Amino acid sequence: MHRLRFAPSPTGYLHVGGARTALFNWLFVKHYGGQFLLRVEDTDRARSTEASTRAIFEGLEWLGLAWDEAVVHQGANLAQHRADAQRLLERGAAYRCFCTPDEIEARRREAEASGDAFKYDRRCDRLPADELARRVAAGMPFVVRFRVPDGETSWDDVVHGVITFPNKDIEDFVVLRSDGTPIYNMAVVSDDIAMRITLVMRGDDHISNTPKQIMLYEALGAALPRFAHLPMIHGVDGKKLSKRHGATAVGDYRHMGILPQAMLNFLALLGWSPGNDIEVMTVPQMIELFSTEGLSKKAAIFDPKKLEWMNGQHLSLLASEALAPLVTDALTNAGLATADQFTSKRAWLIALIDLLKVRSRTIDDIVRQAAPYLSAHVSYDPEAVAKQWKDRPTTVELLSSLRNTLAAIEPWEPPAMEEALRTQAEQRGVGAGKLFQPLRVALTGLTVSAGIFDVLALLGRDRALARIDDALNYLRS
RNA sequence: GGCGGUAUCGUCUAGGGGACCAGGACGGAGCCCUCUCAAGGCUCAAACACGGGUUCGAAUCCCGUUACCGCUACCA
């Protein structure tokens, strides 16, 4: 049984890069079977916050990436980490190092000054037994260093294939600080063993940690998991994604009106390809199609434009009924409507969404376009007025005439409207657009909207006529 | 600096020796549809980093170079 885990450190919001890593872990488990676990790596007390932990949970929940079993808090496993480090010491795989940070730093500077790469010289490992005993007895502070064995360390990475590191390039790294707390690599390995993780899938910035971790597994006598190192996600400038690139937290996109399934679909395509030129997928399709074969090695650049397009695709994939709650929420938040406003007008709301979603890429786009249909009056876009109501007397005459025609239409439905209005255009010897555009401005205040008959239908006869009256008043004043 | 990783259109990618004068998608340009805006359809511009090999044949394999990224902490 596969057991994978997503292990974010709660030092900020759920980042798109983290979300993508979580997604691939989740997809793997959903496709191949197994458990998807969540571990919060909160051992950096200085940077970890409760708020961040909550934000990560919320982000994952919003995306629908549900985890199995209870969340593991790394900070709670300190005793286990320490015990594992102690075992390392007992087995002779690690040793006590009494060098102080200042001493190490001084030697490092010295080495750099002479152009050499610094590597801990293992001097404390050569301490005579009696001296070692004396220092321990005297209670001298020490860190525990792992004694890197000779040879080389390699593994068959699921995405990169075989990667090999000569051990001589790895120094005896610290596994336990002088205060007895574990260093990252120790904590990770200890936890992954305890959680019985079978596949460690994470960002490829961890590639160089991997040989150290493998050595730890081996020294601890634990079975090795497999490793899969996913490529990073960069900003448009090719640099590591940061706040400078604008929205990088998944929550930001949620608030911009992006659908979670679109976010997932977009993220999935960053570093993975199902092949066959498939792009737009539902979540079940992604699970079905997911394969480690399609994983890419190359860092990808986050393109918000394509995300928006993707969202538009998912918007049209979704039934307006399903969109309704999201739209009402957004409308409410925008102060354009109240939820109970729609309880009696559900069919009307659905019709409105039908009209708007095809010309929207986000929920927010829908909200922006909804204003003319919800408010009592419209405000006229100056450019629209300038362009479509250029000659006021003519426009007044036209709108008045249109008003009369509209008032007599029966039933109040698009086919009847279309016939009446087109007939009128013919009688006037002008193209239909000459009527529709000025009318559109009267109805919506804008030169762009859904088809004019749909707008009329949605507005209802009374409001449509009232809008025309408003326009007439405006034009005469 | 050392070590590791990566390298196909601006971007995401297909491609795993001949099917490729390199396919799809986003974005861009244009056309069609059309009451406007979208959506949709069609068309165009746009890439195998460079240099050596291997091979009858390389985007695909190997080696260098270059560029970029990551790690190089008593951070995670």
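Atoms considered below: every heavy atom in the structure, side chains included; atoms not considered: hydrogens, waters and symmetry mates. Below, read A as the first sequence line, B as the second, and so on, with proteins coming before strands; counting in each chain starts at 1. This structure is a prediction, so every number in the text was calculated from the model and none was measured.
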May I ask you to decide if A/P182's main-chain N or O and A/R177's side chain share a donor-acceptor pair within less than 3.5 Å? yes
With sugar-phosphate taken as primed atoms, P, OP1 and OP2 and all else as base, the protein-contact string of nucleotides 59-76 of chain B at under 4.0 Å (heavy atoms; B, S, -) is ----------SSS-SBBB
How would you summarise protein contacts on nucleotides 26-32 of chain B per nucleotide, using B for base, S for sugar-phosphate only and - for none, with heavy-atom distances below 4.0 Å? SS-----
Just name whichever nucleotide pairs with [N], Watson-Crick or G-U, keeping both distances under 3.5 Å, else none.
{"N": "B/A59", "answer": "none"}
{"N": "B/C20", "answer": "none"}
{"N": "B/G1", "answer": "B/U72"}
{"N": "B/G40", "answer": "B/C32"}
{"N": "B/A7", "answer": "B/U66"}

Please work out if [X] contacts a base, only the sugar-phosphate, or nothing of the nucleic acid, heavy-atom cut-off 4.0 Å.
{"X": "A/G275", "value": "nothing"}
{"X": "A/G271", "value": "sugar-phosphate"}
{"X": "A/A425", "value": "nothing"}
{"X": "A/T447", "value": "base"}
{"X": "A/I301", "value": "sugar-phosphate"}

Over how many whole Å does the gap from [X] atom [atom1] to [N] atom [atom2] extend?
{"X": "A/D381", "N": "B/U36", "atom1": "CG", "atom2": "P", "answer": "18 Å"}
{"X": "A/I214", "N": "B/G4", "atom1": "CD1", "atom2": "P", "answer": "15 Å"}
{"X": "A/W272", "N": "B/A14", "atom1": "CH2", "atom2": "P", "answer": "11 Å"}
{"X": "A/D354", "N": "B/A39", "atom1": "CG", "atom2": "P", "answer": "17 Å"}
{"X": "A/L289", "N": "B/G24", "atom1": "CG", "atom2": "C1'", "answer": "15 Å"}
{"X": "A/K297", "N": "B/G16", "atom1": "NZ", "atom2": "C1'", "answer": "10 Å"}
{"X": "A/K298", "N": "B/G15", "atom1": "NZ", "atom2": "P", "answer": "14 Å"}

Is [Y] close to [X] at the side-chain level, that is, under 4.5 Å between some pair of heavy atoms?
{"X": "A/L336", "Y": "A/V367", "result": "yes"}
{"X": "A/E103", "Y": "A/C99", "result": "yes"}
{"X": "A/V71", "Y": "A/L37", "result": "no"}
{"X": "A/F165", "Y": "A/E152", "result": "no"}

To the side chain of A/H160, which of B/A25, B/U6, B/C37 is closest? B/U6
Please test A/W67 against A/F57 for ring pair (Phe, Tyr, Trp, His ring centres under 6.0 Å), starting from the C-alpha separation and ending with a verdict. CA-CA 10 Å; A/W67 54 92; A/F57 290 171; 5.5 Å; yes
Looking only at N and O atoms, is any donor in the side chain of A/E279 or the base of B/G24 less than 3.5 Å from an acceptor on the other one?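 Donor-acceptor pair under 3.5 Å: yes.
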Heavy-atom donor-acceptor pair, A/R440 side-chain to B/C35 base, under 3.5 Å: yes
Side chain to side chain donor-acceptor pair (under 3.5 Å) contacts in which one or both residues fall within residues 258-274 of chain A, not counting sequence neighbours: A/N265-A/H314
When every non-hydrogen atom of A/D204 is compared with those of A/P231, the smallest separation belongs to OD2-CA, 3.3 Å
Qualifying residue for side chain to side chain contact (heavy atoms under 4.5 Å, CB included) with A/V175, from A/M186, A/R82, A/R145: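 Result: among A/M186, A/R82, A/R145, A/M186 is the only option passing the side chain to side chain contact (heavy atoms under 4.5 Å, CB included) with A/V175.
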Quote, to the nearest angstrom, the C1' distance that separates B/U66 from B/A19. 33 Å
Salt-bridge present (A/R108, A/E105; N to O < 4.0 Å): yes
